[in-house]
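Down below is the structure, laid out as structure tokens.
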Protein chains: 2
Amino acid sequence: MSLITRLASKAATAARQLALLDSARKDQVLRTMAMELRNNRAAILAANAQDLAQAESQGLSAAMQDRLLLTPERIEAMAAGIETIVSLADPVGARRELTSRPNGIRIGKMRIPLGVVCMIYEARPNVTADAAALCFKSGNGVILRGGKEALNSSLAIAKVLHGALIEFGLPEALISVVPDPDRALMLELLQQRQYLDLVIPRGGEGLINFVTDNSKIPVIQHFKGVCHLYVDAEASLQQALQLLLNGKTQRTGVCNALEGLLVHAAIAADFLPLAAAALAEKGVKVHACKQSAHYFEDADILADDGFGQEYLALEIAVRQVADLDGALAHIQQFGSHHTEVICTQDVAAAERFQLSVDASVVMVNASSRFSDGSELGLGAEIGIATSKLHAYGPMGLESLTTEKYLVNGEGQVRA
Amino acid sequence: MSLITRLASKAATAARQLALLDSARKDQVLRTMAMELRNNRAAILAANAQDLAQAESQGLSAAMQDRLLLTPERIEAMAAGIETIVSLADPVGARRELTSRPNGIRIGKMRIPLGVVCMIYEARPNVTADAAALCFKSGNGVILRGGKEALNSSLAIAKVLHGALIEFGLPEALISVVPDPDRALMLELLQQRQYLDLVIPRGGEGLINFVTDNSKIPVIQHFKGVCHLYVDAEASLQQALQLLLNGKTQRTGVCNALEGLLVHAAIAADFLPLAAAALAEKGVKVHACKQSAHYFEDADILADDGFGQEYLALEIAVRQVADLDGALAHIQQFGSHHTEVICTQDVAAAERFQLSVDASVVMVNASSRFSDGSELGLGAEIGIATSKLHAYGPMGLESLTTEKYLVNGEGQVRA
């Protein structure tokens with residue numbers, strides 16, 4: 001049996017044990033994990049220093065090195081993150097009654113873990129702790145395949161988490177870090193349909209496409225976020241301006257930042273001068289359609305097929321649209337099924353926007369930056385699905401579970 | 001653009017229009033479909049006669065020919081099936097409030113169609129009408145790729161359904177039958193991730209594995225059903241006997257029939273003689289473990305690794321187990337995640353069985369034959385998932401939908 005098959009099969013066996021553990025005991029283990037992360041800060045930082053030294057010698061970008069960096073504060077944030085997960089309700093075991101049939105059998109459902117989740121991600125070592133804790137709380141085994149840049153850090157974090165598992169007599173195989181970043185091993189991992197139930201890739205489009213193209217296991221995709229703010233004819237100018245600035249400039253390198261501004265023709269002459277001044281003040285580069293470009297200094301002119309870029313920077317695409325239908329058509333063509341926002345005081349327009357837009361999160365008069373698990377009240381998230389099957393949008397603990405049917409009778413048979 | 005890409009892209013465009021159609025209008029279209037099936041009975045039977053003639057000349061088995069056969073009664077059943085779907089609640093558009101956040105934004109969810117569903121199936125032409133109606137009601141486009149044996153019948157049925165679509169000004173592309181059963185075209189279909197949202201293969205294990213191995217689109221699997229009845233020490237003998245006979249003999253060629261009987265050692269001497277007599281009377285061939293074989297005349301002796309067969313016939317595997325844990329271990333090893341039944345009057349044993357067994361339907365004192373959509377109250381089913389993601393167990397209309405987040409605020413931004 002190969003390393004990968006062994007890892008996967010042991011995870012599946014261990015997960016069956018975890019599926020039956022009660023919530024109180026799972027929370028005890030999680031609290032111990034948080035404590036042990038704090039207690040073993042020095043060891044984790046030492047492993048991280050190895051990764052950082054390698055990154056530097058290999059000339060990784062400053063942004064990449066920053067993602068890789070662990071500090072005492074970031075380790076504290078990891079531990080606190082696990083404590084947040086402790087405070088969340090355990091979805092496993094929740095029952096609901098569906099119906100009683102005329103023959104007297106009673107039909108219900110019970111929530112259960114998926115089994116084993118495989119996370120494939122890049123350089124952020126904190127994902128190791130977050131994903132392990134979310135999978136543990138939801139009763140799932142997890143196999144963590146992070147980027148090679150963060151391997152020493154991830155292994156050090158996993159070792160600490162294993163300490164907590166051992167303390168409670170639980171198998172280490174519940175949380176496994178793939179110890180070799182070889183792509184061939186990742187490919188082998190993606191064939192383990194017998195043992196693994198879900199793959200969640202987090203990273204660039206290339207990684208996600210590679211995983212989707214090669215996986216025999218179900219994959220939940222988190223593609224790019226090309227989020228738009230549509231300022232309707234009946235918008236409050238003040239609100240629209242706030243939503244624009246917050247969405248574009250509060251943080252830029254994230255998938256729920258705004259990448260596009262659509263403005264109803266009837267309000268363009270009022271709103272775009274305000275927008276131009278505010279964006280200029282924040283140093284945002286504007287790419288504009290022909291009709292709106294003259295409101296901005298130094299705007300690039302975008303051709304009709306030039307929209308839909310994910311800038312992840314202080315840049316935005318601006319387009320004037322004839323009406324709500326124009327906005328809907330633009331979003332249909334260029335949106336990424338992530339998050340779309342309308343700013344309007346017109347209830348009918350808001351309603352039609354929310355009904356019509358095919359995105360995982362559709363907002364009225366709120367910042368696209370709220371589109372994440374903790375802001376939406378899920379407590380924590382394992383990802384944001386832009387594919388529709390199983391989950392669509394920010395995924396919390398419940399997304400890591402499924403339901404089985406329970407049927408109870410008194411000997412009924414089928415006629 | 002190839003035939004398949006054109007089919008898929010047109011289905012995706014048409015599905016966006018259907019997603020916004022209200023329930024009353026969808027029901028009108030479905031009623032018209034049912035009526036048109038009745039009105040066009042002669043044309044459908046003529047097309048079916050072509051398929052049957054070909055089947056005969058190619059020497060297809062009698063069972064296969066029976067599956068293929070349409071009769072006036074079977075066409076009436078198709079029409080009545082569509083009317084049942086009319087009577088079901090439309091899941092699309094259902095909203096639920098989740099929470100309000102401290103900043104005042106309100107979070108809810110709204111149910112929406114998946115988009116386009118691709119059904120891959122074998123010889124039963126009635127699947128064409130059933131699947132088309134379920135997808136239509138749930139707001140999804142559908143691409144139907146049936147077996148070549150039933151192609152003329154499927155095309156004739158689709159033509160009738162198209163008549164109803166046209167009458168209501170809806171695009172025919174909402175319901176497409178792949179007109180060429182070439183496997184290369186099926187492979188091409190499975191690559192259309194841009195346009196298709198879900199593939200449901202229905203048929204033998206070979207077909208399901210082929211689809212899963214080759215699809216870039218999410219697949220919901222419906223593998224075999226190796227369902228067990230476990231007769232606990234505290235079972236009512238009378239109930240156990242009823243459940244055994246109904247599960248094994250009421251219909252044999254179906255996935256929710258019993259294929260295994262597990263009996264607690266403490267009740268074996270009481271129950272197995274009754275079971276032996278009843279099974280013999282029904283002509284059921286028994287494969288038994290060494291400890292239980294002597295209760296039966298002419299039982300084959302099964303080795304410990306010989307269990308887990310899906311007989312789909314008047315045959316059953318019988319094993320004596322030491323206790324509930326023995327039954328759980330057997331099901332863990334040989335079950336198929338479909339349906340498992342315990343017969344017991346011991347509430348604690350029933351509870352532990354339902355908690356521990358990893359199957360999509362776990363029953364207490366009820367026949368495994370209830371494990372289908374209409375018996376469980378879903379009204380109709382598009383399949384029974386034995387994979388866990390998105391759906392697990394009988395899949396009704398709701399399984400063909402997902403939810404998007406709705407966020408409503410008054411200009412809130414993220415701090």
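Excluded from the calculations below are hydrogen atoms, water molecules and symmetry mates; all remaining heavy atoms, backbone and side chain alike, are included. By convention in this document, chain letters (A, B, ...) are assigned in the order of the sequence lines, proteins followed by strands, and residues within each chain are numbered from 1.
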Tell me, side chain or backbone of B/S360 under 4.5 Å from chain A's heavy atoms, or both, or neither?
backbone

Report which part of A/T344 has an atom under 4.5 Å of a heavy atom belonging to chain B: side chain, backbone, both, or neither.
neither

Engaged part of B/R106 at the chain A interface, taking heavy atoms whose separation is under 4.5 Å
neither

For chain B, the option from A/G393, A/A359, A/A240, A/G377 that forms the most heavy-atom pairs under 4.5 Å
A/G377

Part of A/E340 lying under 4.5 Å from any heavy atom of chain B
neither

Between A/Y405 and B/P394, is there a donor-acceptor pair closer than 3.5 Å when you use the side chain of the first and the backbone of the second?
yes

Which bit of B/S356 comes within less than 4.5 Å of chain A, counting heavy atoms only: side chain, backbone, both or neither?
both

Donor-acceptor pair, A/R414 side chain versus B/R369 backbone, under 3.5 Å?
yes

Pairwise distance CD(B/E375) to CD(A/Q412) - rounded to 0.5 angstrom
11.5 Å

Measure distances from B/L20 to the heavy atoms of chain A and classify the residue's part below 4.5 Å as side chain, backbone, both or neither.
side chain

Going by heavy atoms in the side chains, are A/Q354 and B/M110 under 4.5 Å from each other?
no

Please classify the contact between A/L378 and chain B as side chain, backbone, both or neither, with a heavy-atom cut-off of under 4.5 Å.
side chain

By the definition side chain to side chain contact (heavy atoms under 4.5 Å, CB included), identify the one residue from B/V407, B/L406, B/I105, B/I107 that meets it with A/M363.
B/V407

With distance as the sole test, does A/K388 use its side chain to make a donor-acceptor pair with the main-chain N or O of B/T401 at under 3.5 Å?
no

Verify side-chain contact (heavy atoms from CB on, under 4.5 Å) between B/V362 and A/K404, making sure each step is shown before the conclusion.
CA-CA 8 Å; B/V362 191; A/K404 64 181 172 189; 3.8 Å; yes

Can you tell if the side chain of A/R193 reaches within under 4.5 Å of the side chain of B/T212, non-hydrogen atoms only?
yes

With a 4.5 angstrom heavy-atom cut-off, which part of B/R251 approaches chain A: side chain, backbone, both or neither?
neither

For each of A/H337, A/H390, A/K109, A/R16, tally heavy-atom pairs with chain B at distances under 4.5 Å, and name the one with the top tally.
A/H390

Based on non-hydrogen pairs under 4.5 Å, which of A/L243, A/N214, A/D213, A/V357 is most in contact with chain B?
A/D213

Would you mind checking which part of A/S399 comes under 4.5 Å of any heavy atom in chain B, side chain (CB onward), backbone (N, CA, C, O), both or neither?
neither

Top contributor to chain B interface from A/Q242, A/Q238, A/Q250, A/R101 [non-hydrogen pairs under 4.5 Å]:
A/R101

Quick one: what part of B/T13 sits under 4.5 Å from any heavy atom of chain A, side chain, backbone, both or neither?
neither

Please classify the contact between A/L376 and chain B as side chain, backbone, both or neither, with a heavy-atom cut-off of under 4.5 Å.
both

Before you tell me yes or no, could you show the steps for B/E351 and A/R95 under salt bridge (Lys or Arg N to Asp or Glu O under 4.0 Å), namely the whole-Å CA-CA distance, both residues' side-chain angles and the distance that decides it to 0.1 Å?
CA-CA 13 Å; B/E351 175 69 15; A/R95 294 178 192 219; 2.7 Å; yes

What heavy-atom pair brings A/Y392 and B/E403 nearest, and what distance separates the two atoms?
CB-O, 3.4 Å

For A/L389 and B/D197, which heavy atoms make the closest approach, and how far apart are they?
CD1-O, 4.2 Å

Given a strict heavy-atom distance threshold of 4.5 Å, which part of A/A415 is in contact with chain B: side chain, backbone, both, or neither?
backbone

What are the two closest heavy atoms between A/N103 and B/F370, and how far apart are they?
ND2-CE2, 3.3 Å

Is it the side chain or the backbone of B/L355 that comes within 4.5 Å of chain A heavy atoms, both, or neither?
both

Only pairs of heavy atoms separated by less than 4.5 Å count here; which of A/S367, A/A391, A/G409 has the most with chain B?
A/G409

Interface moiety of A/L198 toward chain B, non-hydrogen atoms closer than 4.5 Å:
side chain

